[in-house]
Amino acid sequence: MVDLKGQYNDIKDEVNASIQEVIETTSFINGPKVHEFQKNLESYLGVKHVIPCANGTDALQIAMMGLGLKPGDEVITADFTFAATVEVIALLQLTPVLVDVNEDDSNINIEAVKKAITPKTKAIVPVHLFGQCANMEAIMEIAKAHNLYVIEDNAQAIGATYTYQNGEKVKAGTIGNVGATSFFPSKNLGCYGDGGAIFTNDDDLAHTIRGIVNHGMYERYHHDVVGVNSRLDSIQAAVLDAKLPLLDTYNKARKNAARKYNDAFKTIESIITPKTVNGCEGICDTCDCHVFHQYTLKLKGVDRDALVKHLSEKGIPCGVYYPIPLHRQKAYLDERYNEADFTVTNLLVKEVISLPMHTELNDEQIEFITSTIIKFING
Ligand SMILES: *Cc1c(COP(=O)(O)O)cnc(C)c1O
């Protein structure tokens, strides 16, 4: 699904030098590299504060702790996402309220969010799934009307742009009160281990969060709040700092691959290619409205299990993200859920298939993957 070795070979000298520098200075924890990366990411994103942390799951958890959410507070999020999003809500003893998503972009459905609001609702967590933003303008409007916090799960959309109706563009993850991202190796900006970060434009919240990531300390050995130990290793920061200048180029390579996949499948009726809904029609070069963390097709009337098996026999990796909706996962069952409210996720889990997507995909590989799929479908 990804080609981390191919990508490393191209940037070996920069990455090795950057890692070597950390080893020579032995500043393994909170070293200058972490600070340097933080500053560079702040300027790339156009956000006032980046707080690096240990992984994307921690980033979400710490964001919620920073906002002071309390047990029993209801937090609305998408039913169709990676479990980490709902896991941290439950872990903090907040009440997850899962809602359906849209058919076109697989992102949280605005009408479903509105319907799920109760007097206990305190926050909305939109997930920018597969590389494009949820409808943030509508979400921010709802949040304002009901006095709710917005925490963006930006683990799959770093570098993506969001376009407001007035044409203004901002980076994904910098719109809500706080954003969280992951630097897991296979993400669009990945390190060589675990890593994550929290973004915010709110000075007070940034201060609170900086203490939380470091055992609730604002002054050495004074613990004002309950915190955690969640740090980005200096060595991981060194990798990320070497890769950040290439993020736009990487995202462009993903878009190019997506465009080629789209072209190959455009006449195949049983394949629905991913739709870009924010900003542009199709895939454009002028902005990054979709950065294709995943290239996910919807299959109509195709035996998905048989296709997965066929692809595996041909040596083509693929993935099903996600095969079970969160509202039907044992850990997150809730009496309030009604199957009739999850028609889209219930369908998506049966239809989706994600194809290899990374920065090193070449034309020959795309040709082989697409022709294998088309031959299978045409029998
Ligand atoms: C990867 C991911 C996370 C978690 O990130 P980790 O760094 O693996 O903890 C959270 N949410 C979504 C949507 C993700 O894809």
Side-chain angles (χ1 to χ4, degrees), residues 1-2 4 37 41 50-65 75-92 94 96 98-99 101-102 105-108 123-134 136 139 150-160 172-173 176 178-199 213 228-233 236-237 239-240 243 251 254 274 290-296 319-327 329 331-332 345 348-349 352 354 357-358:
M1 292 297 278
V2 296
L4 297 173
F37 170 64
L41 188 57
V50 165
I51 302 109
C53 66
N55 57 67
T57 309
D58 274 9
L60 284 165
Q61 178 184 325
I62 293 159
M64 289 175 204
M65 291 169 75
V75 179
I76 299 172
T77 194
D79 188 38
F80 193 62
T81 172
F82 181 55
T85 321
V86 65
E87 179 177 271
V88 298
I89 299 172
L91 202 65
L92 292 173
L94 314 173
L98 297 164
V99 301
V101 298
N102 302 320
D105 65 357
S106 310
N107 274 328
I108 198 162
I124 308 171
V125 185
V127 182
H128 304 321
L129 202 73
F130 300 153
Q132 75 176 322
C133 285
M136 288 305 293
I139 289 165
V150 175
I151 302 145
E152 295 175 72
D153 182 341
N154 195 35
Q156 300 193 2
I158 195 154
V178 56
T181 205
S182 163
F183 304 122
F184 187 80
S186 64
K187 303 280 159 128
N188 289 37
L189 179 62
C191 55
Y192 294 171
D194 273 310
I198 302 147
F199 322 140
V213 297
V228 294
N229 168 20
S230 188
R231 293 181 286 235
L232 179 69
D233 277 0
Q236 299 306 338
V239 174
L240 291 165
K243 287 177 75 175
N251 283 340
R254 289 173 177 273
H290 198 322
V291 293
F292 293 96
H293 174 60
Q294 296 294 350
Y295 181 84
T296 303
V320 172
Y321 310 117
Y322 298 92
I324 304 166
L326 288 173
H327 80 274
Q329 297 282 1
Y332 305 112
T345 47
L348 286 174
V349 293
V352 289
S354 301
M357 173 49 79
H358 53 83

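Atoms within each ligand, like the ligands themselves, are counted from 1 in listed order. This is a predicted model, so every value here is computed, not measured.
- The contact set between ligand 1 and G56, taken as ligand atoms under 4.0 Å from a residue heavy atom, comprises 5 (O), 6 (P), 7 (O), 9 (O).
- For atom 8 (O) of ligand 1, the candidate residues are G190, S182, C191; the nearest heavy-atom contact is made by S182.
- Counting heavy atoms from C-beta outward, I151 and M64 have side chains that approach closer than 4.5 Å.
- Note: no N/O pair closer than 3.5 Å links F82 and ligand 1 by distance alone.
- Annotation: side chain of I158 is not in contact with side chain of K187 (no heavy-atom distance under 4.5 Å).
- Heavy atoms of L129 found under 4.0 angstrom from ligand 1: none, in either backbone or side chain.
- By the 4.5 Å heavy-atom criterion applied to side chains, I62 and S230 are counted as neighbours.
- Side-chain contact between S354 and M1 is present, with heavy atoms from C-beta onward closer than 4.5 Å.
- For the pair V349 and F80, the minimum side-chain heavy-atom distance is below 4.5 Å.
- Nearest protein heavy-atom contact of atom 11 (N) of ligand 1 is D153 OD2, 2.8 Å.
- Summarising the geometry, atom CD belonging to E152 is positioned 8.5 Å from atom CD1 belonging to I139; distances are rounded to the nearest 0.5 Å.
- Counting the atoms of ligand 1 from 1 in the order shown, those under 4.0 Å from a heavy atom of T81 are 13 (C).
- With contacts defined as side-chain heavy-atom distances shorter than 4.5 Å, the pair C53/I198 qualifies.
- Residue T57 places at least one N or O, backbone or side chain, under 3.5 Å from an N or O of ligand 1.
- With a 4.0 Å cut-off on non-hydrogen atoms, H293 does not touch ligand 1 at all.
- Summary of contacts: the protein heavy atom closest to atom 14 (C) of ligand 1 is K187 NZ, 3.0 Å.
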